[in-house]
Amino acid sequence: MLTERISEALREATVALGAGSARFRLDRPRDTSHGDLATNVAMALAGRLGRPPREIAGDLKARLTGIEGVERIEIAGPGFLNFFLEAGAVGGTVQAILGRGVRYGRNEDGGGQRVMVEFVSANPTGPLHLGHGRQAALGDAIASLLEWSGWTVHREFYFNDAGGQIRRLSVSVRARYLQLLGHDVAVPEDGYQGEYVSEIAAALIEKDGRRYEDDDGDIALEAMRRYAVALLRSEQERDLAAFNVRFDEYYPETRLYSEGLVSSTISKLRETGLTYREDGALWLRTSAFGDQKDRVMVKSDGSPTYFLPDVAYHMTKWERGFHDVINVQGSDHHSTVDRVRAGLQALDRPSGYPEYVLHQMVTVEHGGEEVRFSKRAGSYTTLADLVAEVGADVARYFFLMRRPEAHLTFDLDLALDQSDRNPVYKVQYAHARLCRLFKLADERGWVADHDTLMNADTSLLTDPSEREVVKQLAEFPALLRRAAAGRAPHLVCDYLEKTAGMVNSWYQTSHPTRNPELSTLVEDPGLRAARLGLAGAARIVLDNGLTVLGLAAPERMVRDD
RNA sequence: GUCCCCGUAGCUCAGAUGGAUAGAGCGACUGCCUCCUAAGCAGUAGGCCCCAGGUUCGAGUCCUGGCGGGGACGCCA
């Protein structure tokens with residue numbers, strides 16, 4: 001498109017000036033008097049060429065003649081080059097967007113390579129909470145952004161179905177089981193106290209009766225474990241489905257053991273000579289790879305720490321062909337990053353493997369007060385409760401609209417608000433409004449199909465309110481590219497809100513009440529087609545943006561009340 | 001004590017490899033529906049970008065040192 005043509009011309013011009021290739025920006029200035037596009041390239045080159053920026057800008061301008069679609073170039077401020085585009089050039093992007101349709105915004109940066117995104121990875125010890133929700137939304141959106149950037153994405157969910165936490169769960173279930181059968185037993189202090197544990201016990205009684213009443217041994221406990229894990233897994237599955245998140249693969253920790261990957265990892269680490277025995281435990285010299293201290297792999301009681309299966313697990317990712325792996329985790333797992341990477345480096349994997357996106361925690365506020373409204377989980381708010389309360393789209397969007405590394409305050413009042421104060425509805429409503437234009441055109445018997453729009457004379461889009469929208473739409477592909485590279489879905493939220501705002505503004509200024517001459521559904525077929533083309537292009541961008549984030553793009557909005 | 005993240009409008013937060021006059025939403029105030037959905041739009045008010053140095057043509061952005069908040073520092077996960 002036009003931006004690429006100007007970029008290319010700028011590169012050629014800098015080479016011609018003897019400056020070689022330079023890094024510079026070419027973007028849309030805030031102030032429209034600074035043109036449609038502006039570049040800082042002259043200032044960026046000033047140091048290297050040892051000449052004043054405005055002088056360099058003058059030389060560049062002299063070489064930048066005859067770029068198709070550029071009306072004129074001005075030198076401004078300390079040495080900016082401001083490009084003013086012809087009306088037809090701006091309109092041309094409308095056709096480009098309409099032509100690409102559902103593919104508008106996609107790029108091939110990934111070249112079809114495989115990448116794994118591991119996220120949620122909740123242990124089956126309870127219902128999913130809000131932290132998992134943020135992670136589900138984040139992981140899925142990052143995965144989606146990578147798909148839009150040409151990667152082949154694998155979504156994976158890892159879970160510990162063995163080990164200390166699961167044992168505590170099993171013991172807790174047994175305690176509730178016995179309580180329900182009339183025994184005076186307490187749930188251990190380090191056990192799971194939530195009501196859902198009693199629900200599991202009750203379900204188990206319904207299924208197997210009093211079978212485990214007199215068995216305080218491992219057989220009963222193993223039955224409890226299997227039953228509880230299966231039940232909680234399927235419950236998590238149901239909650240994720242309600243949240244519109246799906247995975248390609250679920251990887252249980254027990255598989256690492258049953259396939260011998262943990263023991264083979266121990267052998268391989270021993271072969272490196274980086275292990276040693278101390279205090280009866282087996283240690284790995286992770287400090288040799290930047291970890292703050294060495295770590296225990298096998299405890300003095302002979303059982304492995306979590307660290308070891310974690311290394312084994314990441315080796316399987318590599319061996320399954322995933323050399324690009326992104327782990328989305330809560331920042332409370334921060335301390336494991338260096339240690340796992342160190343373990344993998346000991347086995348000759350690259351130092352940055354895997355990549356981590358760590359996110360901060362979530363709190364919910366209602367009426368300015370922090371709330372916890374879980375009835376079942378006891379100590380935290382569940383994802384299922386939140387989704388039932390505000391809907392999947394709103395929940396997803398709110399989880400995504402802040403940078404991962406920033407703490408997230410979930411404003412329940414705003415989430416429940418169905419007006420445009422709620423950013424989700426603002427974006428969805430802007431989309432619905434554009435769809436409505438087409439429906440009305442249809443009702444009036446006006447043809448507004450793809451060919452009509454593609455053949456419209458978009459140079460008729462001369463009003464500033466129209467041109468501003470088009471320029472905003474033109475930035476969508478670069479925005480997606482930046483969001484994917486930065487693993488930053490919140491940039492898409494920002495962009496969509498801004499775009500929706502501009503669409504609404506355009507829609508209002510061109511409202512028949514206010515400016516009949518700017519109205520979209522005018523009698524003049526040429527003008528109408530051009531404006532519907534703009535509406536169609538904007539609709540595509542909002543639709544594609546919402547789709548990337550995993551949200552619906554409704555054609556109609558229906559209010560609850 | 002060490003490491004990581006955060007500090008921007010009254011509140012919640014954006015600010016791409018350093019660029020022109022620092023933005024949005026909420027809240028406050030003022031206007032705008034005979035007409036394509038007002039679930040909207042236009043406008044006003046609101047800022048020592050935590051502090052102090054440094055780097056340079058230029059710093060909210062980069063560096064150093066403080067201050068404040070959160071998290072992590074286990075033979076827990």
Fill in the blank from the handout: Whole-Å distance, A:Leu434 CG to B:U37 C1', equals 12 Å

Practice task
For A:Arg402, report the nucleic acid contact type (base, sugar-phosphate, nothing); a contact means any heavy atom under 4.0 Å.
Solution key: base

Practice task
May I ask you to verify if any side-chain N or O of A:Gln360 is less than 4.0 angstrom from the OP1 or OP2 atom of B:G71?
Solution key: no

Practice task
Just compare B:C13, B:U37, B:U2 and give me whichever is closest to any side-chain atom of A:Tyr429.
Solution key: B:U37

Exercise for the section: Look at all strands and tell whether A:Leu440 reaches a base, only sugar-phosphate, or nothing, counting heavy atoms closer than 4.0 Å. Expected result: sugar-phosphate

Handout entry: ring centroid sep under 5.5 Å plus plane angle under 30, A:His334 with B:G71
Key = no

Distances under 3.5 Å only, N/O to N/O: pair up the protein atoms with those of nucleotides 75-77 of chain B.
{"from": "B:C75", "atom 1": "O2", "to": "A:Ser300", "atom 2": "N", "distance (Å)": "2.9"}
{"from": "B:C75", "atom 1": "O2", "to": "A:Ser300", "atom 2": "OG", "distance (Å)": "2.9"}
{"from": "B:C75", "atom 1": "N3", "to": "A:Ser300", "atom 2": "OG", "distance (Å)": "3.3"}
{"from": "B:C75", "atom 1": "N4", "to": "A:Asp279", "atom 2": "O", "distance (Å)": "2.8"}
{"from": "B:C76", "atom 1": "OP2", "to": "A:Lys299", "atom 2": "NZ", "distance (Å)": "2.7"}
{"from": "B:A77", "atom 1": "OP2", "to": "A:Tyr306", "atom 2": "N", "distance (Å)": "3.0"}
{"from": "B:A77", "atom 1": "O3'", "to": "A:Asn160", "atom 2": "OD1", "distance (Å)": "2.9"}
{"from": "B:A77", "atom 1": "O2'", "to": "A:Asn123", "atom 2": "ND2", "distance (Å)": "3.1"}

Practice task
Determine yes or no for a side-chain-to-main-chain donor-acceptor pair under 3.5 angstrom, with A:Asp417 supplying the side chain and A:Asn422 the backbone.
Solution key: no

Handout entry: Side chain A:Asn82 and base B:A20 donor-acceptor under 3.5 Å
Key = yes

Fill in the blank from the handout: Residue pairs meeting salt bridge (charged side-chain N to carboxylate O under 4.0 Å, His left out), one or both in residues 526-541 of chain A, sequence neighbours left out, come to A:Glu466-A:Arg531, A:Arg539-A:Asp543

Practice task
Using a 4.0 Å heavy-atom cut-off across all strands, classify A:Arg421 as base, sugar-phosphate, or nothing.
Solution key: sugar-phosphate

Practice task
Scan for ring pair (Phe, Tyr, Trp, His ring centres under 6.0 Å) pairs involving residues 401-422 of chain A, sequence neighbours excluded, and state none if there are none.
Solution key: A:Phe398-A:Phe410, A:Phe399-A:Phe410

